[in-house]
Every structure is written in C-alpha cells, then in structure tokens.
Amino acid sequence: MPGSAVFRETSAVERTVEVPLAHLSVELGHFYPEDLAGGAGVLAEHFRRIAPWVDRPRLGSLAGGAGGAARAGRAPRVSTCLLVDDYSDQGKMPPPAAVVPQLLAAARAQDIVIDYIARESACAAAENVPLARIVEGALVADPPYGANGSRPTLNETGWLCNGARSPSTTGTRAMGVAEPWQPPTENGSRRHSVFLDVELWSEHRGHHAWSCAFLAAVWQLLRLGLLRAGGETVVRPVTVDPADLPDRWADFPSIGRLTPAPAPFCAYRTFSVLDTGYLPVEHAVRVILGQVGVDSAALSATERRAGAEGIALPPEPADRLSYFFLGR
Amino acid sequence: MAAPKATAVPRAPKAREPAEELDMLVGEVRTTLLQNSHRVGATTVAALLDIVPGGRVRSATRPVAHAFSPDVRVGVHCPLATISGTRADGAGTAVARASVTGGTVLQASTRARLTRAAGERRLPWSHYVANPGIIEVAGRTDADDLAAGFLTTQTRASLDLGAVSSRLLSRVQRRPGIDRVTSLRARRTQLRFAVTWRSSDSAVLPQLLGAQRRISDFPSVPTGSAESFHRNSEPAASVSPVSVEFTIQDETLRTLRLRLGRCDPSDVVAACEDLALHDWLLSTVESLLDNSRIGVDSAQEVVRRFRPVIDHLLHLWMPGARVTEELAEVWAALERRPGFSREWSSLVGRIRDQLALAGLESSSSLSALARVAGVCQAGAEEDSVGA
C-alpha cells in the first residue's frame, strides 16, 4: 500500500478568522455634533424616549425568536453601541472628554447601559485598514438584463442604484429631436418601482469624502461581523476608562468598550433605534448591502454558528437588520 | 449553497421533460505571457495580483512559484447558450481570479456553477450576491444541453465568461511593476470548460461506455478542423467515474467537457487552470519552433531565437502538480491520449538537437553550449518527475 503524504504551504491556504458573536447588536443612536451641542437636556430626552423600546425582554424577542438561548433558559447575548459622527464635520464634535460622560450619564438615568462607543471616521478607515474601500471593492452591482460579462458594469462613478436609471434627458439626438423621457426602473420590482440612486462618495477639493449612507452600510457590516481584511478581523474593541478620556476623537479607539464584560460587539442581527430622519439613509444602506459581496467564509460562519445555537439566520445580510424609527 | 426562495410558482412540469436537478460548473481560462522582460519576483507578483481591497493574494513556492489573486465577483443576467436552441436565462454571479506561475505565465479564470432557479421570476439581487459563483438557470433545459451550448455555440448575447477573464488579464497587465516588454511571442489561449457530476447511483450515459476515441459528442462541432481527444478512464466493462473530452477547436480555443464523480468544484477549476497552463506551454513552444526556421538558418541563429523558451518556459512543465488526488485521473487520461508529456518531450528533444547542432557549428562556443544544454537536461528530468 503506498504511503500518503500531506504537503501544504500556509501562504497558499484560504483563511478567514471568526469573530465573537452576540445574538443582537443594539444601536442606541447616531449622534451629530449638533445633537451634543444641545446639552444634557437633549440627550436625556433621547434616552427617555428610547428606553421602553430597548428593554431586555423586547430585545430578547429580536435576538432570534423562541429558539436557542431563550429555550435553554439563558439570557440572550445583547450588546449596545452608539455611533458618534466625528467624520462629516471634522473638528466640530466636542472632545470625548466632554461627550462621553454626558452620554453615559444620560443613558444611566434611564437604566440603559452603553457597552461600546464607535467613531464614524473608523468606518472609513480604522487602524490603517481602509474599511470603506474594502466594502466599495466588494460591490457587485445589480446587473440589468443583457449583462453577460462581455462589458464592464456601467457604474456612474460613486453612485449605486437599485435598478436601471432613466436615460439621460439632457442629450438630444442629431437633427435636434429630443429623446422622449423614459422612467427609471427598480430591478425585481413587482409592478411599480421605488427607484433609489445612492451617492457613495464625492470629491471635494481633492478630498475623497464617503457619504453618510455608505459609512452607515459599513457600520452595519461591522456590527454583523462580516468584514475582513486579508481574512483577519477588523473589529478590535479597546477598553476605555471613562475617567481618563482623550481630548481628541482621533485618540479615541475606533470602537471603545465602556463596560467590563459586555456581550461581543458583533452579532447575528442588528437593531437600530433611530430618528425617522434616518429612514432614507437606511433605505440606502439596504440597497448597498444588497450589492455587497461579503466574505463567503465569514457569511457562512455566522449562519453555521447561529444554527448551532438553534437560531435560523437569514442568508442575506440585509435581512438581518431591524429598525425602530422615532419621529420628533 | 443557494437556498432558493420561491416568489413565483414554477410552471407545472411537463410529463415528457421533468425539471430535473441541475448542478454543473462552467468556466473559461485565458492564458498568456506576463508582459515583462524577465521573470517577475514573488513580491511584485503579489502586488500585481492584489486587485481586491482587503483581499489576500495566496501563493505557493513548490513545486513551482504560483500565486493567485482574491476572487472578483461579476454580476450577470443574460441568455445562456444551449445546443438545442431551448431558451434559458441565467442570473447570478460569476467569480474570476488571476494567477501567475513561475513569475512568467499569467492566467485569468472565470467560473460559475449553474443551478436551477426556483421560479421564472428574478429574485432581488441581494439573493444572488449572497451566493457568489452561482448562476441560477430559468428555462426548460438540462445540463448536457447547457454544457454543449456553453462550449460551442456562444452568441454575442449569451453568457461570456471568457470576456471576464480577458478583461482581468488586461487589468493585471496594466498594473505598475512590470515593464510590458516581452522576450517571446505567445498567443492568448482560451480553455472553456463544462463539468457535470455523476452521482454514484445515476446511470452513465450509454454512448460514453467503451468510447475510446471520438471526434465529438456535440453535433455542431466543426469536426473538420477540430481535434478531439476523448477518454473514459476505464475500459468499457466497468462504469467509470470520469470522462474527459478535450477538443482543440482552433488555434486559440480549446474546450474541455468533464463528467466527474462528486468533487470540490474549486479543485476542478484548479485542474482546468493547470491544464490550460500546460496546453499554452505546448502551443507556445510548438509555434515558436515552427517559426524558428530550423534547417534554413544556422543552428546558432535558431537557438538564439528560442533562447527565451529555455530561459523562461521549459522548467514550468509540471503536469498535474496542483491537481488533487481525485482529479489526477483527468490528467492521467490526457497523458494516455493525446499524451501531453510525450509531445512536450518531443519538443524539448528538438530544442536539444538544435543546441547540439549549434555546438557542432561553433566549437568556439562549446562551453556556452554545455551550460545551456545543462538547463535543458534539467528541464527534461523535471518532466519525467512530474509526469
């Protein structure tokens, strides 16, 4: 009988690390500089309004139904987080030393625990990992009928839509006959379209600025534990001591951990409690997520691990998001 | 795996042709010379293939330096070619990757698994994106129909995975780090492949039993010019798990039809890339020898012409080196007929003869000859090890 030999080179083997996963990642808010300039009263009002919607039994019901943890009598693993926008108006955000204690106090007054605080600029690039570029590079645009691979997909630079755009109405044919207007169409629509065209980034004075919608999509993918760089995790929360906070957001960790032993930052599902004003942004997030080819190994790992816990996880990332929108 | 979500009720299957399971693999490998004046080092190769942000270039050093890019996904929604003319549409994503072997040969391969769509209606794109490398087929056709159509009757509108590979080749050739100077003339070759699986309980197609040589299974193949090599891996008596049909359609296009036992599709793609590489080596060296004016010009002149072959290509011949155990049978079948390594040995022999002649013509360059002949001899030894 011939002997068998195993030969492999580790540099040749595909490798995707797995990340710790909670059942549910709860976003308690998304804060702009003006939200924080309003003082303690505005923040207190925010947490007072959301408190009934983020109590543990409610969150448990979102975490994966009647299966798994609930049946076993264990509390579901739920982590809470919020996002501070230090990206769009860089410099306007008051320093962490001022903002973080305010946020913690306002939440504590409503018995809400904040486990993680993340910076929006970390969704663009965190610790030299260009997260937004990685997600942009993973976009597989929804092809119109006729896309057979022979031509590169026609992408309006920096824009992504959920169907076929209306042909340009500004151009006229030779002889000066105007083309009749044609409506845009949503791919896969039932009968009528809800067409959405999302700006992913813009160039302004040589500065490449990612849109809020695109960074929000990166943020959701981060929370779903589906982003990798070279197969490695990009989520590394760093413990933050509320008594010793930096003066600049750039010195604050990408994801700061504020409680001693919270559930993992990443989770099978996410739940976001947001001002209704974010509805169009989150619609855009869903359009973007529907066209991001996430790391297959990372995606299948979440399904497999949820399954092992008795949780049926939808295969598509966008279906793992839940929202609660609050009017003013 | 696709977890089809039915949003439309499929039409009731006709009794004559039930909508049977569909699971097959199609793809196309394009192979060419990396446009650089000399062999490219591992670091540069890694940079050339780093085409996906956040992806990871994978590389191996043995038995020959080989690196490949992360996968690139391409969305498609288009007609699929069928030999019967039955209408079929595909929606989903194909997956492409580029690779460099020996710092010299650049390949791009694009592949997709074809599976049956749950209904006629196209699903939201997010469904297809979550199942990379799977194209769902709507239409009343079967695997043999699709395989034959894909290999031989593609139209301008039908699925064109070769175009995806071709664009990827060009994209890598345009990247910084290479000087775009080539030392020898080499054509881009295309290897189009279609693979179906034989489950252990399924009947083997009767016409394949006992077939040792066939021109083609596909009636539309222009049999006049196409050379075809068809092998069942076992004689007629036993039911073979493997059948291989390799056809040289024209100067650049080859088609490969495989019927295999259950195995990992990614291993099959690697085997097809390996076959494409060796077919390209054969075609390139053969074409260079044919155009080297052997017997017309002096042997020294001839040797000077194919010096780049000795420097860059001869040592790359290692058939089956990256092919898994399960697929070794495919190589073994092709080695019996047409006998790739036999043909290669013959080419190497012709090169060696010219080197010897050149030595006789110029006794002053004897020492140089010994050096070059040594290289050639080493190539021939590797050949016998790899075969």
Side-chain angles (χ1 to χ4, degrees), chain A residues 4 7-16 129-153 162-163 186-190 227-232 234 286-296 299-300 303 314-319, chain B residues 1-3 5 7 51-62 66-68 70-80 89-91 93-96 110 112 121-133 154-167 266 322 325:
Chain A
S4 71
F7 172 73
R8 69 172 71 89
E9 293 183 64
T10 49
S11 61
V13 180
E14 201 153 16
R15 184 189 67 219
T16 300
V129 179
L131 291 182
R133 280 222 181 279
I134 289 175
V135 174
E136 188 194 27
L139 285 174
V140 187
D142 192 340
Y145 186 75
N148 68 342
S150 64
R151 278 179 298 277
T153 357
N162 63 348
E186 178 189 4
N187 285 347
S189 63
R190 292 266 161 193
L227 285 189
R228 298 289 186 280
E232 303 290 338
V234 294
R286 294 181 59 82
V287 167
I288 294 167
L289 288 193
Q291 301 181 59
V292 175
V294 299
D295 186 302
S296 306
L299 188 64
S300 60
E303 256 185 285
E316 296 163 32
D319 290 342
Chain B
M1 263 306 288
K5 297 192 299 190
T7 53
I51 51 175
V52 177
R56 181 169 162 261
V57 174
R58 288 188 278 158
S59 63
T61 54
R62 293 182 187 178
H66 177 73
F68 48 96
D71 285 342
V72 179
R73 300 174 188 181
V74 181
V76 295
H77 185 201
C78 61
L80 301 174
D89 277 338
T93 59
V95 179
T110 307
R121 209 182 127 78
R122 197 188 122 162
L123 300 174
W125 185 239
S126 55
H127 165 76
Y128 304 101
V129 166
N131 295 289
Q154 291 192 5
T155 64
R156 285 175 62 86
S158 63
L159 180 66
D160 188 354
L161 299 183
V164 179
S165 297
S166 183
R167 267 204 312 284
S266 62
R322 292 196 311 277
E325 206 73 36

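Letters A, B, ... are given to chains in the order of the sequence lines, protein chains preceding strands, and every chain is numbered from 1.
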Closest non-hydrogen atoms of Asn148(A) and Val76(B), given as atom of the first, atom of the second and distance, are C-CG1, 4.0 Å

Start with the C-alpha distance between Arg15(A) and Arg56(B), add both sets of side-chain angles, then the distance that settles side-chain contact (heavy atoms from CB on, under 4.5 Å), and finish with yes or no.
CA-CA 9 Å; Arg15(A) 184 189 67 219; Arg56(B) 181 169 162 261; 3.6 Å; yes

Okay, Val294(A) and chain B: the region with an atom under 4.5 Å from a heavy atom over there is backbone

Can you see which heavy atom on Tyr145(A) is nearest to which on Asp89(B), and at what distance?
OH-OD1, 2.7 Å

Do Glu136(A) and Pro53(B) touch side chain to side chain, with heavy atoms closer than 4.5 Å?
no

Donor-acceptor pair, side chain of Trp125(B) and main chain of Asn162(A), under 3.5 angstrom:
no

Hey, which of Arg58(B), His66(B), Arg62(B) has the most heavy atom pairs under 4.5 Å with chain A?
Arg58(B)

In terms of heavy-atom pairs under 4.5 Å with chain A, the winner among Ala130(B), Gly55(B), Ser126(B), Gly162(B) is Ser126(B)

Residue pair Val129(B) / Val292(A): nearest heavy atoms and the distance that separates them:
CG1-O, 2.9 Å

Interchain contact, Pro70(B) with chain A, by part (heavy-atom threshold 4.5 Å)
neither

Could you grab the distance from atom CG of Asp142(A) to atom NE2 of His77(B), nearest 0.5 Å is fine?
9.5 Å

Chain A heavy atoms under 4.5 Å from Arg156(B): which part of the residue, side chain, backbone, both or neither?
backbone

Turns out that what part of Thr61(B) lies under 4.5 Å from chain A's heavy atoms comes down to both

Counting heavy-atom pairs under 4.5 Å with chain B, the top scorer among Gly231(A), Pro144(A), Ala229(A), Ser150(A) is Ser150(A)

For Val234(A), is it the side chain, the backbone, both, or neither that has a heavy atom closer than 4.5 Å to a heavy atom of chain B?
neither

I'd like to know which of Ala67(B), Ser166(B), Ala157(B) tops the heavy-atom pair count under 4.5 Å against chain A.
Ala157(B)

Closest heavy-atom pair, Ala147(A) versus Cys78(B), reported as atoms and distance to 0.1 Å, is O-CB, 3.6 Å

Interface moiety of Ser158(B) toward chain A, non-hydrogen atoms closer than 4.5 Å:
backbone

Toward chain B, the part of Asn187(A) with a non-hydrogen atom under 4.5 Å:
side chain

Between Ala60(B) and chain A, which part of the residue has a heavy atom less than 4.5 Å away: side chain, backbone, both or neither?
both

What distance separates Glu316(A) CD from Leu123(B) CG, expressed to the nearest 0.5 Å?
8.5 Å

Asp160(B)/Arg151(A) under salt bridge (Lys or Arg N to Asp or Glu O under 4.0 Å): CA gap, chis, key distance, verdict:
CA-CA 9 Å; Asp160(B) 188 354; Arg151(A) 278 179 298 277; over 6 Å; no

Do you know which of Gly137(A), Gly146(A), Ala138(A) has the most heavy-atom pairs with chain B at a distance under 4.5 angstrom?
Gly146(A)

Closest heavy-atom pair, Ser296(A) versus Arg73(B), reported as atoms and distance to 0.1 Å, is OG-NH2, 3.1 Å

Give the minimum heavy-atom separation between Ala163(B) and Gly149(A), together with the two atoms involved.
CB-O, 3.6 Å

